[in-house]
Amino acid sequence: MKRYNPTEIEPKWQKFWDDNATYVADLNSDKKKYYAMSMFNYPSGAGIHIGHAMNYTISDVMARFKRQQGYESYHPVGWDAFGLPAENFAIKSGISPQESMKKIIPGYHKQYKAMGWSNDWSKEIATHDPQYYKWTQWIFAEMFKAGLAYQDSRMQWWCDKDKTVLSNEQVIDGKCWRHDSSDDPLVAKREIKQWFFKITDYAEELLEATDALDWTDTVKLAQKNWIGKSQGAEIDFVVEDSGQKIRVFTTRPDTLFGATFLVMAPEHPVLAKLTTHDQKQAVDTYVTESTKKSELERMENKEKTGVFTGSYAINPATNKKVPIWVADYVLYGYGTGAIMAVPAHDERDEEFAKKFDLPVVQVVGDDDCMKGSGKFDGLDVNKAREDIVSWLESESVGESKTTFKIRDWSVSRQRYWGAPIPIINCPTDGAVLVPNEDLPVVLPELDDFAPSGDGRSALARADDWLKVKCPKCGGDAERETDTLDTYICSSWYFLRYLDPTNDEKIFDSNIANKWQPVDFYNGGDHATAHMIYARFVTRFLHKKGLIDNPEPFKRFLFNGKVTAADGQMFSKSKGNGVDPLEIINSGYGADSLRTYLMFAAPLDLWVRWDEQGVPGTYRFLNRVWTLVQEYDEASEGEKSDAMLRTVHWAIKKATADIDDQKYNTAIAAMMELTNDLYKIKVKDNYGDRANWKFALESLVALVAPFAPHMSEELWQQLGHDTSVHRDSWPQWDDTYLASDTMTIAVQVNGKLRAEIQVSADASDDDIKSQALAQDNVVKFVGDNEPLKVIYVPKKLVNVVAK
RNA sequence: GCGCAGGUGGUGGAAUUGGUAGACACGAGAGACUUAAAAUCUCUUGGCCGAAUAGGCCGUGCGGGUUCAAGUCCCGCCCCGCGCACCA
């Protein structure tokens, strides 16, 4: 008997699938989900593509496997794209993941090398995909034409390790998203001129559309919080003497009469103007110190700090003088960067007022009605809010205003890799778009990829590439040296996948509309950034009339991750990671690992790594294997249909569970089926060839999404010459699930006292009287007449007695 | 602080959404095979009483409640985890 040996089987089928990629991906099959799961035949799929992400090893594993498979490089779009959803797209579009991977692989390693990363794969030479860059650049160009891409100089997060700016979304706990280990530095802010996408223009509609999404509430809420809409008013305070206006944003215009001082952010541009001579030194010192502090330090220090500017403004409602302070608890990036402080009705202002002994004036009573607010006294706060805003507007000292927390998306990166921004900077014409016919702008080959040190990328040194003629005036000009955030690439790859070879346009709308939106998108760690960007770009393309549906993903599941046994995240610096390759190569194989990761817990739960887990699923796969081997060696014998009931039950259960993304219970059903078949084969010794063939084929096909290699091998052994991954999903037949008898639980006062077997067509009364006749029921009911007998059809009888 | 999701055996987790709690697996124990071990196969495994695969009592974080019936619903606590966090 042949033994189960993953080390031998897995490479064999990997090669087979590589050679027959389009054959495996069958567009016409309606077994989408099944395909989606089983398609990805790289062993790395164990860790990544079929569920729980082993978070820290993603890059390494991908790179190593790409190299094993003969690919020279990979890209984040790559691993995003290779996930479950990507397989979906690959299938829908009729191309294989391998094929799509070849399409979408811009360079990466060169930059890593430049960063001094030590991974051996960084030695590899990068390749770029001009086609993919071309359409990413085209999106930039269209955004630019629509006024949605603009350049601005502002303070921006800066990662010293990558020598690049980061978006707000890429800063996690004060650290760069790529460098977030304990030994990595905190990021700081720098003033840099860079490109932005005006995602704020879409804030309102992104927010409004969020509720209708069929996503989990947690993720929807994260999106809403990130967009962070607040309604309120902007109000002008005039500085005494100078006449300078200071505009503040508040969500509580009703408390205007209680505004007893103003607070400005240290970065506020008019601050210097209104600081008095006496206070100048104190203010300057404070501003310098607080800008030096990282935002994280500012947040950690909850103790309020601040300095008086020496100036006063007039509260437009009370006409009273209120002092103007500077304090870093006011954020320059939000609202107007200045606030009216109402210590009576705002905790933070109250804290500040207490510390610096500033006046507190109550303007809302316990009854939620206004007081001390002149003609607005007695009004309900909600009414007062409206009335005060109308009054402000009529007096031209303020207006109703809605503010969002979300900022424009910073898309410039000072990295070598990534699609170059298709802009030419001309001394006379300014920023000029590279004409469409000149796209793509391809990265030049360089020997040294380190950033140029002046805040620009390595591209600044590529003279031949850099120096060009202005498309408008023909004069000498230079290319933009920033490249685009790779998040842009991952914001639309799912659309390109549908039509990956189109040279004419970004994708064909008819094809895209046929498949969009994505039915089921499974990812990790993408509750905000990626999901908001992808929604934004899709909406933009929708507005351009390229795609009907403005939302990219119908369902989104944020899968859990595997953590170390102590619950901590895997991390390189802690050295507590688990390398999927080690497990695979130690003889258990990728199939066992994949199956374990799916079996350990529901997909959205985080699981702790358990060393015993993979041996467990290996044992299960081994049992499946053995069944097929023994069947092969057994000979014709007695007829038997003992296995059919359990087979049909398992097909039904597993199919429903997989549809529901309940992979753990689907696998449990397959294990039950296997255990049952073991018991049956002892009795009939595989005598009924036809029934056993059906049973084993069904089992193998069910297991295939989780253990694609082994199933393929067994499928061939069972006499097929087509792939198990092609239209093999078994059908169940309900007639085998019907039973002549059923088991009814019998309770007395809700406690289980007996079980009875009754025929399936027994009448309710019959069942009730049988239940009442049980010895144990009689014992507990006693002599008294039962008060009530409840029969829950096909389940239980509950006798209510005194 | 705000929000979200949870709390079930020694462990990971099941439970058709109000209907037999603990599926399946890990771990543990026993047996078969073996010179032996590993592998494999079979059985046992929530706690307590009991010879029992007779039956009983207790049991889903804690305290109350609704119901014929509560892991599931309601009220009040406690504890872990995650996300956001000086957003005016």
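The sequence lines fix the lettering, A, B, ..., with proteins before strands; numbering per chain opens at 1.
- Contact check, Gln612(A) against G27(B): a side-chain N or O comes under 4.0 Å of OP1 or OP2.
- For Phe620(A) and Phe599(A), the ring centers are positioned 6.0 Å apart or more.
- Put simply, the side chain of Tyr286(A) gets close to the backbone of Thr305(A): a donor and an acceptor are under 3.5 Å apart.
- Side-chain nitrogen and oxygen atoms of Asn622(A) include none within less than 4.0 Å of the OP1 or OP2 phosphate oxygen of A39(B).
- For the atom pair OH (Tyr791(A)) and CG (Asp765(A)), the distance works out to 11.0 Å, reported to the nearest 0.5 Å.
- Side chain of Val792(A), nearest nucleotide from A15(B), A88(B), G19(B): G19(B).
- Nearest nucleotide to the side chain of Asn798(A), out of G56(B), A69(B), A88(B): A69(B).
- For the OP1/OP2 pair of A39(B) and a distance below 4.0 Å, the side-chain nitrogens and oxygens of Arg623(A) include no atom meeting the criterion.
- Residue Glu672(A) places its side chain closer to A23(B) than to any other of C43(B), C68(B), A23(B).
- Side-chain atoms of Tyr329(A) lie closest to C86(B) of the nucleotides A88(B), C86(B), C26(B).
- Across the C1' atoms, C62(B) and C79(B) are found 10 Å apart, a figure rounded to whole Å.
- Atom C1' of A25(B) sits at a distance of 14 Å from the matching atom of U45(B), rounded to the whole Å.
- Side chain of Val800(A), nearest nucleotide from C68(B), U16(B), U42(B): C68(B).
- For Arg753(A), a side-chain nitrogen or oxygen approaches OP1 or OP2 of G56(B) to under 4.0 Å.
- Taking every side-chain heavy atom of Phe599(A) into account, G12(B) is the closest of G12(B), A14(B), U40(B).
- Here the separation of A85(B) from G19(B), taken at their C1' atoms, is 44 Å to the nearest Å.
- OP1 or OP2 of A15(B) sits under 4.0 Å from a side-chain N or O of Lys662(A).
- Applying the 4.0 Å criterion to OP1 and OP2 of A39(B), one finds that Arg619(A) has every side-chain N and O outside that range.
- Between G19(B), A14(B), G3(B), one nucleotide has an atom nearer to the side chain of Thr665(A) than all others, and that is A14(B).
- The distance from atom CZ of Phe249(A) to atom P of A88(B) is 7 Å, rounded to the nearest whole Å.
- Comparing C84(B), A25(B), C41(B) by their closest approach to the side chain of Lys405(A) singles out C84(B).
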side-chain contact (heavy atoms from CB on, under 4.5 Å) between Met710(A) and Thr595(A), intermediate numbers included: CA-CA 11 Å; Met710(A) 183 196 77; Thr595(A) 308; over 6 Å; no
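- Side-chain atoms of Asp236(A) never come within 3.5 Å of backbone atoms of Gly398(A) as a donor-acceptor pair (strictly under, hydrogens ignored).
- For the pair Asp657(A) CG and U16(B) P, the computed distance is 11 Å after rounding to whole Å.
- Rounded to the nearest Å, the gap between the C1' atom of A28(B) and that of A21(B) is 22 Å.
- Judged by distance alone with a 3.5 Å cut-off, no donor-acceptor contact links the side chain of Asn225(A) to the base of C84(B).
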Output, in order, the C-alpha distance, side-chain angles, deciding distance and verdict of side chain to side chain donor-acceptor pair (under 3.5 Å) for Thr646(A) and Asp676(A). CA-CA 7 Å; Thr646(A) 179; Asp676(A) 284 348; 2.9 Å; yes
